[in-house]
2 protein chains.
Amino acid sequence: MSQTRIRSGGRASRRALRSTPNVAMLPGLRNTLPWCEIMNGSQVERIDAASMDILENVGVVFRDDIALADWTAAGAKVVGETVYLDRGLVRDLISTIPSDFTYHARDPQKNVRLGGRHSIFVPMTGAPFLRDLEDVRRNPTLDDLAMFHKLSHMMPSLHSSAHHIVEPYDHPISHRHLRITYSSMKHSDKTFMGMTTSPKNAEDVMDMCAILFGEDFMEDHPVTTGNCNGNSPLVWDETMLGAMRAFSKRNQPVLCSPFVLGGANTPASVAASVAQLNAEALSALAYTQVIRRGAPAIYGHYLSTVSMKSGAPMAGTPEISMMNFMIGQMARYYNVPWRTSNTLGGAKTFDAQAGYESATTLSAVMHAGANYIWHSAGWNEAGMHCSVAKFVVDAEQCAMAYRMAEGLKWHDFEAALAAVPDVGPGGHYLGHPHTQENFQTAFFMPNLFDNNSIEQWQAEGSKEITERALTHAVNLLGTYEEPRLDEAVDDALHDYIARREREIPTADALNQDY
Amino acid sequence: MSQTRIRSGGRASRRALRSTPNVAMLPGLRNTLPWCEIMNGSQVERIDAASMDILENVGVVFRDDIALADWTAAGAKVVGETVYLDRGLVRDLISTIPSDFTYHARDPQKNVRLGGRHSIFVPMTGAPFLRDLEDVRRNPTLDDLAMFHKLSHMMPSLHSSAHHIVEPYDHPISHRHLRITYSSMKHSDKTFMGMTTSPKNAEDVMDMCAILFGEDFMEDHPVTTGNCNGNSPLVWDETMLGAMRAFSKRNQPVLCSPFVLGGANTPASVAASVAQLNAEALSALAYTQVIRRGAPAIYGHYLSTVSMKSGAPMAGTPEISMMNFMIGQMARYYNVPWRTSNTLGGAKTFDAQAGYESATTLSAVMHAGANYIWHSAGWNEAGMHCSVAKFVVDAEQCAMAYRMAEGLKWHDFEAALAAVPDVGPGGHYLGHPHTQENFQTAFFMPNLFDNNSIEQWQAEGSKEITERALTHAVNLLGTYEEPRLDEAVDDALHDYIARREREIPTADALNQDY
């Protein structure tokens, strides 16, 4: 009897839930899961020692005159482009990297903490293609990028709008970084990332951040992050090092990310791959402190293993999970925040392969305790496309992982237990008052998974998850409300972009590359 | 140069790999992953105390006269059908359950150990439908069941052929258990499960096991397992208890499995749901020891949370993962092996939903440290169908999880590191001798994931994973070789089945239910 009442009440409230999507951002995650540590203390020290040996004896190539001069001044041995880093120097330099910090958003309610047990989910970036609202694979435009920034703004689990989630091909390449940065800033008030496609582009991002947050504020507060990829094995190039300087000088955090394709640019061994990756990350982390002592920096990596069949990077393989567990241990050993890559898929469509790969990666990075959980939505085809359908499903998966990592709730344990004698053997809980009060919050109910009977599913059109997710994305975008941006700030950003677009030449070829 | 040589050498050996599928069983897994324990010691004790309170004060209904008499004789307080179990009695009884044991296969090379850090993967069972080799959803036959037993035999990660993976509708229901058991025994020499659909059916399974393994051997050696589901909350029925007696009396392990739909037959609270489930499992585990002190038994559960939208069980939700972590802790607290459910999907097709759900579950049960990892291949549509495509993909996923759980290999760390100075900054590892020697074993290469470029993938027919997996299954079945079964034993089994089929009546209605 009471069951009937709940059910009809439930139906009404479900209608309400459907028409008002909850777009409030989840606070930055405090991951309470025990870290999955697959090395003991002496194994961690063995990796550390191997990495230090590499830094001292093999050295790291910095293909950049300023960096070589900086290193010489810092007391490193420099021979040609190769920098030999003494372990004492490395340890001294990285000791001033903050172990955690607050990453500021333009809405201070959406500031997040990074480091230690504090983690954030950041959507994917850099896709040269998208699969759009009709699942068509094509080159993206600025409007497509804006759409992904809007979705990032609206998905509760995403803590950032990132930057070039997709590459907007309808704008000249030399001006793109300005429009991309503006789109991140304008369509969301969450944290965002800064372009590092050249030192000068990085300077433009810094200037735009100064307009948005104020020059003085930036001096003491991280307001964006820049990713700098290494060329494994053991090379950092001029573009990345120049961009790194632009960020670190302004006290903005850099992700120091060796780009590892296990077996191709590292040895064919999990432990040795991590030793090399660790040496590379340490060399860049140390350089951030040469640029500016105390600047925040993040131990990064992009990490895959390579298919013997095609040479292509793979996703969701056991060694990728293991390397994530190990890198987490190394970053904690050095007491620096660390970045990983999440929900990676190598599938060409949003099929079951993409699901397995993405969930396997998500789970591994949660148990590994990653702080900056990048590429958390949309990544498929080894990063060649960002899928709208996958974007919203991945984001919901992150919300589920968030729930798991938040930890067990004990506050109503006694109240819930009191229902057991009430209901008794053979009884049913749906009608019990405790159930009525707690059902909606006790168990996560994914929006994008279908758990109906096959008959019900068929009656609703036999829709697989891609179709349901695209409908969800369309509905969500229909309710998008742009977060208010101060008019004077907006004008100043526009003026800046207009001036820089007058100053920066565009090649005709680049105007036509859409 | 040397790279070219490796590549063409690689191509030839890849062809060889493709034409000779490796069907050798992986040894029983020793899971070296740190257990994901989300409760501290006092929280474990809090669950234990709550469960014991339930057993003492709410009691458990045993709907079975023999069990009630047994409990009275064992010193429990019995009122009507309700048994009130004192915690001292429960602790004393479960103390004699072996913490681990060897589960025997008819090929002794395929014996596996269960308990502690020792785990096995067992395919799904009980599906009333299959999605067949053409992905058509229909009722299964004995031939379909045989196909799944053959696939179980051939997939290296599966340690068992289970029993009624699918329900063979072309045979009278009252005779099915005989044919199912024979099919498990005949088509694979791995471990298998025994039917528990009635006490008498369970006796038939015991008799058939005695024919296969010998009556005396069975007395000291577990040769099959039987699953007994509870009716949560807090009820065990006559069918299950009778089957349990048939197994435990013969020293064969029973999975004591409360059937939990979180929020429907447990309180709407993760911790309280586990407290109730734990009480239920303990009551059945204790009863196995009333039946026979020292008989092996397994802490079981089927566990889901219920969708508020449809009342249907969900898969891959965060609370299911958390409950697995907790149940692992409780089973270890009581020092008994435990069973979980793996790679569960609620999707209607093998789409990305199924992938996410399955991988999330697989990861959770690996980190939880489950011993008897059931439903490890094929489960979709909340168990309503077993999908051939999903079966082979799940099994490969289990092989990948196996690799992750085996732990890090350090044996060639120094040799692999020696390649770093050889290759040097900016170099390439593919041509290095260490890479040539170790590439195939260093990194897992999934057969059923496609990591090619989109152009290559399109050239090969734009096949999603379902199509590729079905092709793989067809190829695999084409190379199936039946493991030799002693002719006299085979004859004896046939005689037994023939006699029992004469003895057991079949209702006409049941003959026609195909």
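In this text, all values refer to a predicted model and were calculated from it rather than measured experimentally. Letters A, B, ... are given to chains in the order of the sequence lines, protein chains preceding strands, and every chain is numbered from 1.
Contact of A:M322 with chain B is made through the side chain alone, with heavy-atom distances under 4.5 Å. Heavy atoms of A:M366 lying under 4.5 Å from chain B are absent altogether. Heavy-atom distances place the side chain of A:F325, and not its backbone, under 4.5 Å from chain B. The part of A:T305 that comes within reach of chain B is its side chain, from C-beta onward, which places non-hydrogen atoms under 4.5 angstrom from that chain. Contacts of A:I454 with chain B are made by both backbone and side-chain atoms, with heavy-atom separations under 4.5 Å. Only the side chain of A:A275 comes within contact range of chain B, with heavy atoms under 4.5 Å apart. Only the backbone of A:A315 comes within contact range of chain B, judged by heavy atoms closer than 4.5 Å. The contact between A:E381 and chain B is made entirely by side chain atoms (from C-beta outward), counting heavy-atom distances below 4.5 Å. Of the atoms belonging to A:T32, not a single heavy atom falls under 4.5 Å from chain B. A:D237 does not touch chain B: none of its heavy atoms, backbone or side chain, sits under 4.5 Å away.
Put simply, of A:R63, A:M384, A:E357, the one with the most heavy-atom pairs under 4.5 Å next to chain B is A:E357. Your options are B:M39, B:Q43, B:R403, and the one with the most heavy-atom pairs under 4.5 Å with chain A is B:Q43. The most heavy-atom pairs under 4.5 Å with chain B, out of A:N231, A:N452, A:T360, A:I54, come from A:N452.
Atom OH of B:Y356 sits about 10.0 Å away from atom CD of A:E396, to the nearest 0.5 Å. A:E455 contributes atom CD, which lies 10.0 Å from atom NZ of B:K348 (distance to the nearest 0.5 angstrom). Taking OG of B:S269 as the reference point, atom CZ of A:F443 lies at 7.0 Å (rounded to 0.5 Å). Rounded to the nearest 0.5 Å, atoms CE (A:M404) and CD1 (B:I320) are 12.5 Å apart.
The side-chain heavy atoms of B:Q353 and A:N451, taken from C-beta on, include a pair separated by under 4.5 Å.
Here the side chain of A:D351 pairs a donor or acceptor atom with the backbone of B:I465 at under 3.5 angstrom.
Within the structure, salt bridge (Lys or Arg N to Asp or Glu O under 4.0 Å) pairs that include any residue of residues 408-425 of chain B comprise A:R46-B:E414, B:E406-B:K409 (at least two apart or interchain).
With sequence neighbours left out, the ring-ring contact (aromatic ring centres under 6.0 Å, His included) criterion links A:W410 to A:F413.
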